[in-house]
Undergrad: 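Before we start, here is the structure in question, set down as structure tokens.
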Amino acid sequence: MPVMSTHTLVLGGTGKTGRRIVEQLRAQGVSVRVGSRSLPFDWNDRSTWEGALDDVSTVYVSYYPDLAVEGASESIGAFARQAAGRGVKRLVLLSGRGEPEAQRSEQELIGAGTEWTIVRCSWFAQNFSEAFLLEGVLAGEIALPAGDVPEPFVDVEDIAEVAVAALTQDGHHGQVYELTGPRALRFDEAAAEIAAATGRDVRFVPVPGEAFHAGMLEAGVPAEEAELVSFLFREVLDGRNVTPQDGVFRALGRAPRDFGEYARVTAASGAWS
Ligand SMILES: NC(=O)c1ccc[n+]([C@@H]2O[C@H](COP(=O)([O-])OP(=O)(O)OC[C@H]3O[C@@H](n4cnc5c(N)ncnc54)[C@H](OP(=O)(O)O)[C@@H]3O)[C@@H](O)[C@H]2O)c1
């Protein structure tokens, strides 16, 4: 039986994945509660969790800032158990691609005893247009501590569609979906796709990890955030994720969107103008 919706709580509901999930759910007539600090829902203030969970049957769980940070799994476990205790029937977790802390978060969420779906994601294509890589694209130079390791960038539109299916339809309970794009690209190849789509000169410049870290601090990025970004480049781009996976096909019965299509649609939207 489909979960009879009271409300669906979408954590990170104003973010890259959550915003799209909110839109798609509302288009289907689902009653949505947008979980962000203005709800309020704050991962760092557990007193806000109770009210956010009031009369909620399903939750999209997107952690902030990143599942890889220390303490993420404890928070996710505590939240999932509280949700189960409040009568939530189904949890859908946005996860990483195998970082130990992300895997601990998955186990904590599964242990809460609700129906569950894990949505493991490679790097978001939208990091180039809605996050920290946008500035580099606009400047025409994406300078990163990434070398020749390709990444099967996943389109956030695909993540949202999979999450909405898992939140609203039966058949996704107990599934771990590995979501990637259909092919892995090196960062210089991704830059070339963006250059082709925009008609502008956009280049990738590899920089050593230490210089990249120092550059972030000089640019005023808070030390904690700089450490997290550096850690993610070291940890995630280690070659383990190069092989595209079939999660989008398993969840939706269709192929994932290609990076080239993402680049064309994003260029047409004016996001890189
Ligand atoms: N980017 C990638 O390539 C990638 C790949 C795999 C997995 N992930 C995972 O994706 C998650 C991030 O999701 P996203 O990219 O969709 O989000 P996002 O675009 O970074 O947006 C962050 C969301 O979290 C909310 N938020 C910020 N601080 C918060 C807090 N203290 N408590 C509660 N909510 C807070 C923000 O709203 P307010 O500011 O209004 O509170 C916003 O809705 C992370 O867990 C990361 O590990 C990312």
Undergrad: Are Glu161 and Arg257 ion-paired here, with the side-chain N under 4.0 Å from a carboxylate O?
TA: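 Answer for the salt bridge query: yes.
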Undergrad: Treating Asp158 as the side-chain partner and Val248 as the backbone partner, does any N or O pair qualify as donor plus acceptor under 3.5 Å?
TA: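 Pair absent, no side-chain N/O of Asp158 close to backbone of Val248.
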Undergrad: Are any of the side-chain heavy atoms of Asp155 and Gln126 separated by less than 4.5 Å?
TA: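 Asp155 vs Gln126: side chains touch.
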Undergrad: State the CD-CG distance between Glu106 and Leu93, to the nearest 0.5 angstrom.
TA: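 Answer rounded to 0.5 Å: 6.5 Å.
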Undergrad: Answer yes or no: is there a donor N or O on one side and an acceptor on the other, between the side chain of Arg200 and the main chain of Val137, under 3.5 Å?
TA: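 Pair found, side chain donor or acceptor close to backbone of Val137.
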Undergrad: Using distance only, find each side-chain donor-acceptor pair of residues 60-73 under 3.5 Å and give its atom names and separation, not counting sequence neighbours.
TA:
{"from": "Tyr60", "atom 1": "OH", "to": "Thr17", "atom 2": "OG1", "distance (Å)": "2.8"}
{"from": "Asp66", "atom 1": "OD1", "to": "Ala68", "atom 2": "N", "distance (Å)": "2.8"}
{"from": "Ser73", "atom 1": "OG", "to": "Glu101", "atom 2": "OE2", "distance (Å)": "2.8"}

Undergrad: Are any of the side-chain heavy atoms of Val164 and Val92 separated by less than 4.5 Å?
TA: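 The answer is no, as the side chains (C-beta and beyond) never meet within the 4.5 Å cut-off.
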Undergrad: What pairs with Ser129 under side chain to side chain donor-acceptor pair (under 3.5 Å), at least two apart in sequence or on another chain?
TA: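 Tyr262.
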Undergrad: Evaluate salt bridge (charged side-chain N to carboxylate O under 4.0 Å, His left out) for Arg81 paired with Glu108, printing each intermediate quantity in order.
TA: CA-CA 9 Å; Arg81 287 187 293 277; Glu108 289 279 344; 3.0 Å; yes
Undergrad: Anything under 3.5 Å between a donor and an acceptor, one on a side chain of residues 210-217, the other on a protein residue two or more places apart or in another chain? List them.
TA:
{"from": "His213", "atom 1": "ND1", "to": "Ser230", "atom 2": "OG", "distance (Å)": "2.7"}

Undergrad: Sub-3.5 Å donor-acceptor pair from the side chain of His7 to the main-chain atoms of Val32, do we have one?
TA: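 No; zero donor-acceptor contacts below 3.5 Å.
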Undergrad: Closest approach of Pro256 and Pro182, non-hydrogen atoms and distance?
TA: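 Closest approach of Pro256 to Pro182: CG-N, 3.8 Å.
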Undergrad: Could you tell me the separation between the OG atom of Ser31 and the CG atom of Leu9, rounded to the nearest 0.5 Å?
TA: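 It is 11.0 Å, given to the nearest 0.5 Å.
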Undergrad: Output every pair passing ring pair (Phe, Tyr, Trp, His ring centres under 6.0 Å) with a member in residues 66-91, not counting sequence neighbours, ordered by first then second residue.
TA: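 Those involving residues 66-91 are Phe41-Phe79, Trp43-Phe79, Trp49-Phe79.
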Undergrad: Do Leu25 and Val88 sit in the same hydrophobic cluster, where Ile, Leu, Val, Met, Phe, Trp and Tyr count as joined when their side-chain heavy atoms come under 4.5 Å apart?
TA: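 As far as the 4.5 Å side-chain criterion goes, Val88 and Leu25 are not connected within one cluster.
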Undergrad: Which distance, rounded to the nearest 0.5 Å, do you find between the CD1 of Ile159 and the OG of Ser122?
TA: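 So the gap between those two atoms works out to 7.0 Å.
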Undergrad: Suppose the criterion is salt bridge (Lys or Arg N to Asp or Glu O under 4.0 Å): which pairs have a residue in residues 126-144, not counting sequence neighbours?
TA: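 Counting only pairs at least two positions apart or across chains, the salt bridge (Lys or Arg N to Asp or Glu O under 4.0 Å) contacts touching residues 126-144 are Arg19-Glu130, Arg20-Glu130, Glu141-Arg203.
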Undergrad: So that I know where these two stand, are Trp123 and Phe187 an aromatic pair - ring centroids less than 6.0 Å apart?
TA: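 Yes, ring centres under 6.0 Å apart.
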Undergrad: Are there over 12 heavy-atom neighbours, none belonging to Asp148, within less than 6.0 Å of that residue's CG?
TA: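 It does not: Asp148 CG has 12 such atoms or fewer within range.
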Undergrad: Working to the nearest 0.5 Å, report the span between OG of Ser47 and CG of Asp42.
TA: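 Answer rounded to 0.5 Å: 8.5 Å.
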Undergrad: Is there a donor-acceptor pair closer than 3.5 Å between any side-chain N or O of Thr6 and the backbone N or O of Asp55?
TA: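 Yes: the side chain of Thr6 pairs with the backbone of Asp55.
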Undergrad: Keeping to residues at least two apart or across chains, list the ring pair (Phe, Tyr, Trp, His ring centres under 6.0 Å) pairs with something in residues 12-37.
TA: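 Found none.
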Undergrad: Under 4.0 Å between a side-chain nitrogen and a carboxylate oxygen: does that hold for Glu178 and Arg120?
TA: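 Yes, this pair counts.
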Undergrad: Do any N or O atoms from the side chain of Thr266 and from the backbone of Ala263 form a donor-acceptor pair under 3.5 angstrom?
TA: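 No; judged by distance alone, with no hydrogens or angles, the pair does not exist.
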Undergrad: Rounded to the nearest 0.5 Å, what separates atom CG in Leu109 from atom CD1 in Ile118?
TA: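 These two atoms lie 5.0 Å from each other.
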Undergrad: Test salt bridge (charged side-chain N to carboxylate O under 4.0 Å, His left out) on Glu151 and Arg240 and set out the steps.
TA: CA-CA 9 Å; Glu151 175 70 14; Arg240 84 176 92 143; over 6 Å; no
Undergrad: Salt bridge (charged side-chain N to carboxylate O under 4.0 Å, His left out) for Arg264 and Asp258? Distances and angles first, verdict last.
TA: CA-CA 10 Å; Arg264 284 189 293 280; Asp258 185 64; 5.7 Å; no
Undergrad: Look at the side chain of Glu99 and the backbone N and O of Arg97, then say whether any donor-acceptor pair between them is shorter than 3.5 Å.
TA: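 Looks like yes, one N/O pair under 3.5 Å.
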Undergrad: Would you call Lys16 and Glu157 a salt bridge, taking side-chain N to carboxylate O under 4.0 Å as the test?
TA: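 No, no charged N to carboxylate O under 4.0 Å.
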Undergrad: Determine yes or no for a side-chain-to-main-chain donor-acceptor pair under 3.5 angstrom, with Arg250 supplying the side chain and Tyr177 the backbone.
TA: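 Not a single qualifying donor-acceptor pair exists.
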Undergrad: Taking Glu189 for its side chain and Arg186 for its backbone only, find out whether a donor-acceptor pair lies under 3.5 Å.
TA: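 Indeed, once roles are kept as given, a pair shorter than 3.5 Å links the two residues.
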Undergrad: May I ask you to decide if Ala166's main-chain N or O and Thr117's side chain share a donor-acceptor pair within less than 3.5 Å?
TA: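 Checking the backbone N and O of Ala166 against the side chain of Thr117, no donor-acceptor pair under 3.5 Å is found.
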Undergrad: Mind checking whether Leu133 and Leu144 have side chains closer than 4.5 Å, heavy atoms only?
TA: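 Yes; the side chains approach each other to less than 4.5 Å.
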Undergrad: Drop me the distance from Trp116's CH2 to His173's NE2, to the nearest 0.5 angstrom.
TA: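 With rounding to 0.5 Å, CH2 (Trp116) is 7.0 Å from NE2 (His173).
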Undergrad: Does a donor on one side chain and an acceptor on the other come within less than 3.5 Å for Glu50 and Gln82?
TA: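 Yes, side-chain donor-acceptor contact under 3.5 Å.
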Undergrad: Quick one: does any side-chain atom of Arg33 pair with a main-chain N or O of Asp54 as donor and acceptor, under 3.5 Å?
TA: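 At least one qualifying donor-acceptor pair exists.
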